Every structure is written in C-alpha cells, then in structure tokens.
Asks: 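One structure, pasted below without further comment.
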Number of protein chains: 2
Amino acid sequence: MSAENTEWQHELRARGYRLTPQRQLVLEAVEELGHATPEEVLTEVRRKAQGVNISTVYRTLELLEGLQLVTHAHLGHGAPTYHPGSAPDHAHLVCRGCDRVIEVEPVDVAPLVSVLESKYAFRTDVRHLTVFGECDRCEPAT
Amino acid sequence: MSAENTEWQHELRARGYRLTPQRQLVLEAVEELGHATPEEVLTEVRRKAQGVNISTVYRTLELLEGLQLVTHAHLGHGAPTYHPGSAPDHAHLVCRGCDRVIEVEPVDVAPLVSVLESKYAFRTDVRHLTVFGECDRCEPAT
DNA sequence: TTGATTGCAAAGCCTTTGCAGTTCT
DNA sequence: AGAACTGCAAAGGCTTTGCAATCAA
C-alpha cells in the first residue's frame, strides 16, 4: 500500500500538483466507500478531519479522475457515483422499477464494444457505461 | 396527420388529461427539432405563441413521455435531449473528444441487449442508452 | 518564498413546486 | 361548474467560481 501511495504521490508532484491531507482523505474515502456521491465522500472525510469543504471534494475528485485514481458513472437523476480506480472494471445496469444497480463485468458488454469499434471505430468507455431498463424482479412496462 | 393527432388527443382525454394549446405546441416543437433540450423547446414554442413558461414545458414533456409521444436521453452534462416518439428507435454514442453524437440503430446494440436479457433477465431501454467514449476522428486517450 | 490549494460565500445551471388565476369539457 | 392546467415566483439540488487566507515544496 505504501508502494501504491508512493506511486500516485509521485505522479501528482510530477504534474506540478501538491500532496495535501484533503487529497489523501478524499481518495481514501472513495476507496473505502466503493460507490459514493461527492456528498457521501464529504461525510466520510469529515469523520477523520474537520473543516473540509464540499468544493474541495469536487475539485479533488476531478483531479483524481484526471489521474485515473477514481472514475465516475451516472446511476440516476442525482449526483454521480465515484469509484476507486483500483476496482475491477465494470459497467452498471440500473432498474427503473426498483432502482437496483447491477454491476456487470466487461466481458458482458464486450459484444457491444466490438460492434461499436468495428462499425463506428468508436472506443467505448466501459467504466462509464450505464444501461437503464428493467430487472427480472420488476414487471414489464405496460 | 390529423389521424395521428386524433389518436393521441383521444388518449390524452381517456386518461383524464386535457388538450391545451401549450401541449400541442410542445409536441410540435419536439417533432420539428428532432433533438432538443427543454430550453430549446421553449424557444421554438415561443416563436408561435407568447407567454409560455419553462415550467409548463417541463410538465408537458414529462406528460408526453408518459404517453410515449416523446423520449429523452442524456447526451452530456447539461440538460437532457428530447426526441419525438415517432422517430425510429436509436441509441447514442457520444465522443468525449469532440462531443460528436452518433445515432446507432437498435440492431447495433442488439448483442448487448441479448446478453443482458439472457444473463441478467434485464430488459434494456435502448432509446435511453447513451454510450460515452471516443470517436475515430479523435486521438486515443493518453 | 511563492505558487498551488483551500474554505467560504456567492452565483449558476437545471428542475421542481406552491399557489392564485385561467381554461378546457 | 369544477377539475385540470398555466404562469409566475420562489425554492431546491447539485456544481462551479472568485477571492483572500493558508499551506506544501
């Protein structure tokens, strides 16, 4: 873990950024929470340090995303959900009926990725992919 | 066209709703614009009638969506885009590099739909599907 | 030292809501 | 007449921004 830290911390500095307690706390929070909105990240961060501001969370998440240490996806109408970059790649299915979120492996969306690549030369961002629809527990739409 | 009109107008009334000039104008605007945000719909509507309010546009789009006369998709960070329900089904590809939007036929996403159906019993809403990534005109991310 | 970063407060989008007046049926 | 609908204004949720103070290197 210290090896990991060293790595991204070096990367940060290499780009002229600075390592701050807030940045470490935000990254830790995303890694601990797994799926979290900016507001949830803030809450988690504040359990360890006080005075951290929501605007810092937004700025930090953006920066961490640039470093590919976190990613985000839109799972509904509200705030986006942030995931650790270290988590295995996955796409999301969201059920309109019950709001259930299902994580799917890249292999499941590989057929789509292939078609888009070959037919449109389009490179899909799988980690950002969210498919809306209806799950088996919910009645078909009428 | 009057036949079409008659049909949805009957449907409206059958559900206890009323036919108002605003509702006709909003539907016409979506059909004329093809892809439009609520704000764009308002602008178009105001070319024909004055005094129409943005809140009416929102309320009307929601109602028309319930009647499946329009659908919406999220093509970026801002407001959603509304499409006529009469348009052929399609999904969207959005390029992060140049913001280009590519419409794809249902047949292109059929492989995905099949996998999700068979493996997760998940029924995909193709018209709402937006895939983010990078198009052939743009450089691969570094 | 000094430029990056933060907290705070204000503003900005986009969308929803309460309500009184209006309109469709 | 009476319920549905609209315009208006205000509020609400989420996010960004300007700026002075603070902090990492």
Side-chain angles (χ1 to χ4, degrees), chain A residues 5-6 8-30 35-43 45-46 48-67 69-70 72-82 99, chain B residues 5-6 8-30 35-43 45-46 48-67 69-70 72-82 99:
Chain A
N5 280 341
T6 299
W8 71 265
Q9 292 174 5
H10 280 346
E11 180 67 19
L12 253 194
R13 296 202 182 90
R15 301 200 185 190
Y17 298 128
R18 290 177 182 176
L19 182 60
T20 66
Q22 289 88 339
R23 287 176 179 174
Q24 300 187 67
L25 287 165
V26 167
L27 180 55
E28 280 171 27
V30 172
H35 284 67
T37 63
E39 207 65 51
E40 290 167 342
V41 169
L42 179 64
T43 300
V45 166
R46 283 187 170 163
K48 301 178 182 171
Q50 41 192 298
V52 179
N53 194 273
I54 186 68
S55 61
T56 298
V57 171
Y58 276 98
R59 287 187 281 227
T60 302
L61 287 171
E62 185 178 5
L63 180 145
L64 295 177
E65 189 149 32
L67 294 171
L69 293 170
V70 305
H72 80 272
H74 300 277
L75 269 31
H77 289 132
T81 297
Y82 284 81
D99 290 324
Chain B
N5 280 341
T6 298
W8 70 264
Q9 294 174 3
H10 280 345
E11 181 67 19
L12 252 194
R13 296 199 182 95
R15 300 201 186 190
Y17 297 129
R18 289 177 184 177
L19 182 61
T20 67
Q22 289 90 338
R23 288 177 179 174
Q24 299 188 67
L25 288 165
V26 167
L27 179 54
E28 280 171 27
V30 172
H35 285 67
T37 63
E39 207 65 51
E40 290 166 341
V41 169
L42 179 65
T43 300
V45 165
R46 283 186 170 162
K48 301 179 183 172
Q50 41 192 298
V52 180
N53 193 272
I54 187 67
S55 60
T56 298
V57 172
Y58 275 99
R59 287 187 281 226
T60 301
L61 287 171
E62 185 178 5
L63 180 146
L64 295 177
E65 189 151 32
L67 294 171
L69 293 169
V70 306
H72 80 273
H74 300 277
L75 269 31
H77 288 133
T81 298
Y82 283 81
D99 290 325

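The structure displayed is predicted, hence computed values, not measured ones. In what follows, chains carry the letters A, B, and so on, assigned in the order in which the sequence lines appear, proteins first and then strands, with residues in each chain numbered from 1.
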Asks: Rounded to whole Å, how long is the line connecting atom CD1 of B:Ile54 with atom P of C:dT16?
Replies: 10 Å
Asks: Can you name the side chain to side chain contact (heavy atoms under 4.5 Å, CB included) partners of B:Ala73, sequence neighbours left out?
Replies: B:Leu75, B:His83, B:His92, B:Thr130
Asks: Using atom NE2 of B:His72 as one end and atom P of C:dT15 as the other, report the distance to the nearest whole Å.
Replies: 9 Å
Asks: Reading nucleotides 9-14 of chain D from the 5' end, what letters show protein touch, with B for base, S for backbone sugar-phosphate only, - for no heavy atom under 4.0 Å?
Replies: -----S
Asks: Report the distance from atom CZ of B:Arg46 to atom P of D:dT6, rounded to the nearest whole Å.
Replies: 14 Å
Asks: Can you name the residues that form a side chain to side chain contact (heavy atoms under 4.5 Å, CB included) with B:His72, not counting sequence neighbours?
Replies: B:Glu65, B:His74, B:Pro80, B:Tyr82, B:His128
Asks: In whole angstroms, how far is the P atom of C:dT23 from the CG atom of B:Leu12?
Replies: 19 Å
Asks: A:Gln50 has an atom CD; how far is it from atom P of C:dT6, in whole Å?
Replies: 17 Å
Asks: Whole-Å distance between D:dA4 P and B:Arg15 CZ?
Replies: 15 Å
Asks: I need a per-nucleotide contact map over nucleotides 20-25 of chain D, read 5' to 3'. Cutoff is protein heavy atoms under 4.0 Å; write B for the base, S for backbone only, - otherwise.
Replies: ---BBS
Asks: Going by the rule side-chain hydrogen bond (donor to acceptor under 3.5 Å, both in side chains), which residues pair with B:Asn53 if we only count those two or more places apart in sequence or in a different chain?
Replies: B:Ser55
Asks: Please tell me if B:Gln22 has a side-chain N or O lying less than 4.0 Å from either OP1 or OP2 of D:dG7.
Replies: yes
Asks: Regarding B:Arg23, tell me which of base, sugar-phosphate or nothing describes its non-hydrogen contacts under 4.0 Å with the strands shown.
Replies: sugar-phosphate
Asks: Taking all heavy atoms of A:Leu25 and all of A:Ala49, pick out the closest pair and write down the distance.
Replies: CD1-CB, 3.6 Å
Asks: Using the test side chain to side chain contact (heavy atoms under 4.5 Å, CB included), find all partners of A:Thr43 that sit at least two apart in sequence or belong to another chain.
Replies: none
Asks: What salt bridge (Lys or Arg N to Asp or Glu O under 4.0 Å) pairs are there with at least one residue in residues 8-25 of chain B, not counting sequence neighbours?
Replies: B:Glu11-B:Arg15
Asks: Can you check the B:His10 NE2 to C:dT25 C1' distance for me, whole Å?
Replies: 14 Å
Asks: Determine whether B:Val30 and B:Leu64 make a side-chain contact, defined as any pair of heavy atoms from C-beta on separated by less than 4.5 Å.
Replies: no
Asks: With B:Gln22, which residues qualify under side chain to side chain contact (heavy atoms under 4.5 Å, CB included), at least two apart?
Replies: B:Thr20, B:Val52, B:Thr56
Asks: With nearest nucleotides of DNA chain C determined for B:His74 and A:Arg59 from heavy-atom distances, which residue corresponds to the more 5′ nucleotide?
Replies: A:Arg59
Asks: Tell me every residue that passes side-chain hydrogen bond (donor to acceptor under 3.5 Å, both in side chains) with B:Glu40, counting only those two or more places apart in sequence or in another chain.
Replies: B:Thr37
